[in-house]
Every structure is written in structure tokens, then in C-alpha cells.
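A quick note: this is a predicted structure, and the numbers were derived from the prediction, not measured. In what follows, chains are A, B, ... by sequence order, proteins preceding strands, each numbered from 1.
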Amino acid sequence: MPKGECMSAELKIAVDSMKCIPCGVCVLICPKDALMINERGVEQIKGCNGCELCVKYCPLVAIEVKKE
Amino acid sequence: MYDVIVVGASPAGIMATWKASLSGARVLLLDRKTRLGVDHQPADTTFTGMFKRTGLNIRDEYLVHRVRGMHIVSPAGFRFAINSPGFVVDRQAFDLYYLGLAHDSGAEIKAGALVVGLENSLGKRRVIVRELGEKKIYDGKIIVGADGIESYIAKWAGIRPMVHPNEIASSVQAEMIGVENEYPDYFQYFLGSQVAPGWKATVSPKGDSKASVGAFVRNAPRPAIYYFDNFVYKNGKEKFRDAKILKMQAGGDPVATIPNQTVGDGVMVVGGAAGQAGLSYGMLCGIFCGEVAAESIEADDQSKPFLSKYQQRWRKELLTEYRLGYYMLKAIEKMRDEDLDSIVKSLQDTDVSERIPRHQSLFGKGMSGALLVMQKDPRILNLVTRILPV
């Protein structure tokens, strides 16, 4: 993990696969590039800073940010 | 070794593939979906004038319905018409038709191919692909990212394709049947802070009782699905009383993000990936991209300065319109519902289209419309000075 990233509170981006299309808005808006679309839908690939922009921009309310 | 590898079978990606391949380049088109043409983004309407700029003809294979123009509807229900012919396409048939052309031109097309990495080594680019569960590697001289607003090709290449990514519009759209539509010959755009803050709710007729119904919002206090539900189940009780949803879609529309940087060494981004909003405009940019890709192969030069020809072409053709679109939406965002009502009311008895030059682009029409409003109701000047974006 690069210097300066916070280890103490691991945040998990939970995507509800029943709701997610996936349209890619969360991937675009994430300032940490923490999300990516793969064969199964949207997946978290990096640490999250908890800004919740993905939650705000998701058209279908399919994302939650949770503390592990 | 391919000349050009296009990632994403969006209309822009398909156009780039087709044009590059027609000019003799060896082109590979990859898409992560296992079935091409389905689960596409919601864009299925366009204006004829915009589409004609691509040089393509509208084909019966995908044409669903033609309209005479659009109605702008204010929060209190005032409306005015702008006559500018448009049409609705069956996006699956549309994508498959142009994929067919790309295929016939000699391009190779692979579905179910998810690109998971981009590498750069002397004079060539390499994409790492998971293809139906297997790892594959393809080398190309040029990589074209047509992989949608979420573009990872842009991220990997260090390209920042949008000026204002946070201005992306979130949308929920549904194809509905049983819609009671009083205006089957017009797209209807409903404005207002309750209906769709930051942009519009739409009813796009698709012939008979079918319509695409959507809510597109920007910087809104609630998610797009909230405004969609409100529009269909609360405000639109009569129109949608017997309507059923056939298909739900959601997405991000880069209508106000303004395209920015679209080229790097051996890499170009196009369409949604580049913030090039609009079905026709995305395709036009795809055509420019494919042409420049072919020229670059011919000249054996894939450097960023050479590929910048693509950037110059789309900027010359479309950047002003994208900027005007941004300013218009920033203005709408600042208007109160009363302001929208008074503007639309002042126009409702005017045949706006008669007073707006036919040849103009949509945004040109918008600007002429705005001037017309000011002539009719000088008080609106005050409003304009208040809402002008800084």
C-alpha cells in the first residue's frame, strides 16, 4: 500500500448485484480509482477513502460504503 | 500484431473500427459483453441534423419512430415546441447493423473479452484480456478506448478525458408500453427542480403506445431512480396509468462534462470514454478517430503529436457546442421553477421554429431561442444576468 493511505479504517464498497446494471458512473466518479467493472459487475480493486461520491452518483441506489 | 485495437463496441467504437478497417488497417474490436448489442447504455434518440453530420443514412433496419421536434415543458406545465426532426432507434438493431459493416470491412470482432491491463513497450501497445475465462494478450500499434464513461484505457494511459467529470448526469430510463401520449410526434423534455434537478425528464415516443421514459439529473439531492419513480408514479398518473415497464436501464450521460484530452502516445479515447456526449456526436468522433488511426498506420507514426489530428478534428467540429451545452445546463441548474415557467410561458404562443434558422445546430437553436425570449420579455434579462455561469 502506497505511503499516506489510511490502513486503520478499511472501508468496503458493497455493490448490490441485483440492482447494479453496471453503468460505470461510480467507476468514473471515484477519485481513488478504487472501482472497476469486470465480468461479474462492479468490483472494488483498491482502498476506499470513504468520500461516498459513488453512493451519491449511483442512479439506482446500488452502492453502500461499509466499515469492515 | 494488429494495427488498431478498439476496446468497446459502443457506436463510437464501432465507427472507429469500421473507418480504420475500410482504409485497410488490420483492426481488432474487443467488448466485455458476451452478447453484443444488448445491455447497452440508454441513448436511443437523436436529431436528424446531428446524425446527417456523420455522413450516414438513416436505415430502416433500426429506425423505430420519427418525430417532428421537441417540446420543452416547464414545471407548471407550460410548453413550447421546437421543430427539428429527430428519430428513435432500436439500439440493439442499430449496433448490430453497424457491427455488420465493421465485420464486412474486414475487422475482427471478439465478444466476452474483458481488457484487464494495458502495457506500453517500444513502438507497440499490449492489452491483457480475459476472454471467456482465459488470459490472452494482443499487441497493437494503436489502442482506441471506446470503453464508456468508466474508461480504464484512459486511466491506464494517463489521459484525463473530461474537463468536469463531476458534472456527469445520472439517468434511469425505461422502455414502456401502454403510455398515453398526447404528443406522439415530439420528444418531450420536462424541466424543474422537482421533476429532474440539473437537467430533464423525458418521454421519447417509439410508435404505438411505446415510449422511452427517463429521468436525467445532475448534482441532485436524491438518486435518479427517485425522480424516475416520482415522474412515472406520482406526476404522470394519467399518462402512465396503464403503462408497463418492458426494460429498465441506467447510466451516466456526459452531457455537461466537456471532452478534454483524448490522445496519448499510441492511444486515443472516443465516445462516452472521452466525454463525447450524444449518439450522433459520439459516432462522428468515432469516424474522426478511425480515419486518423488509418492515417497514422499509413504514415507509420503513432506518436501523440500525430494522433492529435483526431483531437483537432473533433474540437473544430464540436467543442463549441459541447461548451454551450455545459453553460446552458449550468444556467438551468440555477433557475428557479418560477423562472423556467416565465421563460417557457413567454414562448408558448410563438412558433419558435419559424424564428430560428433551420440550419443551426441544436445549441445554436437554443441560443437563438434564448435571444427570442429576451425580446419577448425584457424582465428575463435580469434573470439571465443572475444565472450566467461564471
Student: What's the shortest heavy-atom distance between A/V25 and B/S170, and which atoms?
Tutor: CG1-OG, 4.3 Å
Student: Looking at A/M36 and B/V115, what are the two nearest heavy atoms and their distance?
Tutor: CE-O, 4.0 Å
Student: Between the side chains of B/R32 and A/E39, is the shortest nitrogen-to-carboxylate-oxygen separation below 4.0 Å, so that they form an ion pair?
Tutor: no
Student: With a 4.5 angstrom heavy-atom cut-off, could you sort out which part of A/I37 is near chain B: side chain, backbone, both or neither?
Tutor: both
Student: Compare all side-chain heavy atoms of A/D33 with those of B/W156 and state whether any distance is below 4.5 angstrom.
Tutor: no
Student: So what's closer than 4.5 Å to chain B heavy atoms on A/L35: side chain, backbone, both or neither?
Tutor: backbone
Student: Is chain A contacted by the side chain of B/V217, its backbone, both, or neither, given a heavy-atom distance below 4.5 Å?
Tutor: neither
Student: Just how far is it from atom CG of B/L114 to atom CZ of A/R40, taken to the nearest 0.5 Å?
Tutor: 9.5 Å
Student: Minimum heavy-atom separation for A/I29 to B/P165, with atom names?
Tutor: CD1-O, 3.6 Å
Student: May I have the step-by-step check of side-chain contact (heavy atoms from CB on, under 4.5 Å) for A/L28 and B/M162, ending in yes or no?
Tutor: CA-CA 10 Å; A/L28 165 75; B/M162 299 180 196; 3.7 Å; yes
Student: Can you check side-chain contact (heavy atoms from CB on, under 4.5 Å) on A/Y57 and B/N219, steps first, answer last?
Tutor: CA-CA 8 Å; A/Y57 276 78; B/N219 304 314; 3.7 Å; yes
Student: Go through the atoms of B/I168 and report whether side chain, backbone, both or neither lie under 4.5 Å from a heavy atom of chain A.
Tutor: both
Student: Between SG of A/C30 and NZ of B/K155, what distance do you get to the nearest 0.5 Å?
Tutor: 7.5 Å
Student: Any non-hydrogen side-chain atom of A/V61 less than 4.5 Å from a side-chain atom of B/P223?
Tutor: yes
Student: Hey, could you give me the CD/SG distance between B/Q249 and A/C23, rounded to the nearest 0.5 Å?
Tutor: 11.0 Å
Student: Where do A/N38 and B/R130 come nearest, in terms of heavy atoms and distance?
Tutor: CB-NH2, 4.0 Å
